[in-house]
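Reviewing the structure listed below.
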Amino acid sequence: MGAQVIQSGAMTGLQQELGLLKATFEERLRQVMGEADPADLLQSAMREAALGAGKRMRPLLMMLLARDLGCHPAGMLDAACAVELVHAASLILDDMPCMDDAMLRRGRPTIHVRFGEDVAILAAISLLSRAFGLVASAPGVPADARARMSSTLANAIGTKGLAMGQYQDLRAGRDQRSTDDIAVTNELKTGMLFDVAVNMATVIAESGDSVVLPLKRFARAAGQAFQIRDDLQDGPGNDSAVTGKDVGLDAGKATIVLTLGVEEAQRQLAFLVQESDRHLVGALGEQAATRLFIRALFADKAAPVSAPRVAPVAVRGAAFVTG
Ligand code: GRG
């Protein structure tokens with residue numbers, strides 16, 4: 001059964017389930033971030049970055065994957081919070097004047113605009129620290145699984161992951177680059193947290209290679225798709241009142257959208273979403289809730305136009321640490 005014939009009843013069921021998972025996640029994240037203390041600027045900046053109105057795509061993906069792999073989603077809660085905190089730290093840093101110099105994020109002033117650059121940097125570091133603390137002490141998860149998850153997260157943040165992807169984006173992003181080179185950057189800065197989500201879910205579920213390998217391929221395709229989706233939101237025709245963030249910051253940068261044009265980028269995106277679905281079916285079967293989630297995530301941007309006209313964006317996974 002292709003993604004296009006998934007019944008709408010299944011979609012309604014998913015929406016209900018997602019609502020419950022999201023509420024459970026938000027409650028745990030609020031607990032983790034502690035009571036508000038307006039006198040403590042560092043804690044306020046951390047809370048603002050973590051508790052702002054994000055889509056929570058990564059934690060929801062992790063919890064749904066856990067469920068599709070036969071585990072209780074609650075077992076993923078602290079690991080899911082950890083990944084969201086790493087994501088929040090990356091957004092703080094990405095928005096700073098020395099990087100993208102953004103003013104608006106999730107419909108509100110960016111963290112450095114509101115709290116100052118000094119507090120923003122310290123908040124990002126403290127969120128990373130809290131993330132590792134959560135993984136190291138995740139309740140109900142065996143010690144060796146916690147150690148593997150910590151290692152996965154550590155690898156994903158540094159020179160084989162987000163930091164390197166961001167470095168390439170900032171320092172080579174203004175040069176003319178091949179779509180393959182841009183894809184590697186996107187894999188590092190965006191795809192890596194999809195890979196972490198898959199790694200953590202499969203570690204907790206103790207999955208074998210027949211599940212892990214197709215899920216890693218899924219992570220690569222979905223990560224590429226997600227970055228194209230994000231780039232499409234930066235271009236003409238978007239309104240920051242709708243997207244909640246500055247529009248036009250990518251002008252002059254080498255992105256898939258600016259290199260191939262909006263229409264071809266949409267075709268590439270649709271292709272990558274199909275690829276993601278194919279790998280999800282291979283790993284989890286046709287009835288997996290994760291399939292519906294991914295389909296819904298991209299529904300607004302992956303209009304099924306036609307097949308890509310240039311070679312599809314590489315989904316090589318060359319940059320990933322494992323698999
Ligand atoms: C040390 C964690 C760390 C990072 C240093 C700054 C940096 C290196 C990396 C930046 C990576 C980055 C921001 C990539 C873009 C990923 C992306 C598409 C973000 C948008 O994610 P959404 O749409 O945002 O899920 P919401 O607001 O919904 O959570």
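Panel note: side chain Arg47, backbone Gly34; a donor-acceptor pair is recorded below 3.5 Å. Here the side chain of Gln233 pairs no donor or acceptor atom with the backbone of Asn238 at under 3.5 angstrom. Between the side chain of Asp100 and the backbone N or O of Ala102 there is no donor-acceptor pair closer than 3.5 Å. Judged by distance alone, the side chain of Arg267 and the main-chain N or O of Val262 form no donor-acceptor pair under 3.5 Å. One N or O on the side chain of Asp234 and one on the backbone of Gly248 form a donor-acceptor pair closer than 3.5 Å. In this structure, Arg58 contributes its side chain and His87 its backbone to no donor-acceptor pair below 3.5 Å. In this structure, Thr24 contributes its side chain and Leu20 its backbone to a donor-acceptor pair below 3.5 Å.
Contact record, Ala49 with Leu127: CB-CD1, 4.0 Å, taken as the closest heavy-atom pair.
No salt bridge links Asp277 with Arg295; every basic N to acidic carboxylate O contact stays at or beyond 4.0 Å.
Partner Glu48 forms a side-chain hydrogen bond (donor to acceptor under 3.5 Å, both in side chains) with one of Arg106, Arg105, Gln43, Arg108 and no other, that one being Arg108. Put simply, the residue from Glu275, His279, Arg278 that forms a side chain to side chain contact (heavy atoms under 4.5 Å, CB included) with Arg217 is His279. Applying salt bridge (charged side-chain N to carboxylate O under 4.0 Å, His left out) to Lys245 and the options Asp230, Asp95, Asp94 leaves one that passes, Asp230.
Of the N and O atoms on the side chains of Arg146 and Ser137, not one donor lies less than 3.5 Å from an acceptor on the other residue. With no hydrogens or angles considered, a side-chain donor-acceptor pair links Asp195 and Asn199 at under 3.5 Å.
Considering only heavy atoms from C-beta on, Met200 comes within 4.5 Å of Leu153 through its side chain. Phe226 has its side chain within reach of Met57: a pair of non-hydrogen atoms, C-beta onward, lies under 4.5 Å apart.
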Inset, instruction - List the steps, then state whether side chain to side chain donor-acceptor pair (under 3.5 Å) holds for Ser240 with Asp246. - result: CA-CA 5 Å; Ser240 59; Asp246 304 291; over 6 Å; no
Inset, instruction - Determine, stepwise, if the pair Thr290 / Arg67 fulfils side chain to side chain donor-acceptor pair (under 3.5 Å). - result: CA-CA 9 Å; Thr290 310; Arg67 170 204 182 281; over 6 Å; no
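Taking Asp169 as the reference, Lys189, Lys253 meet the side chain to side chain donor-acceptor pair (under 3.5 Å) condition, with sequence neighbours excluded.
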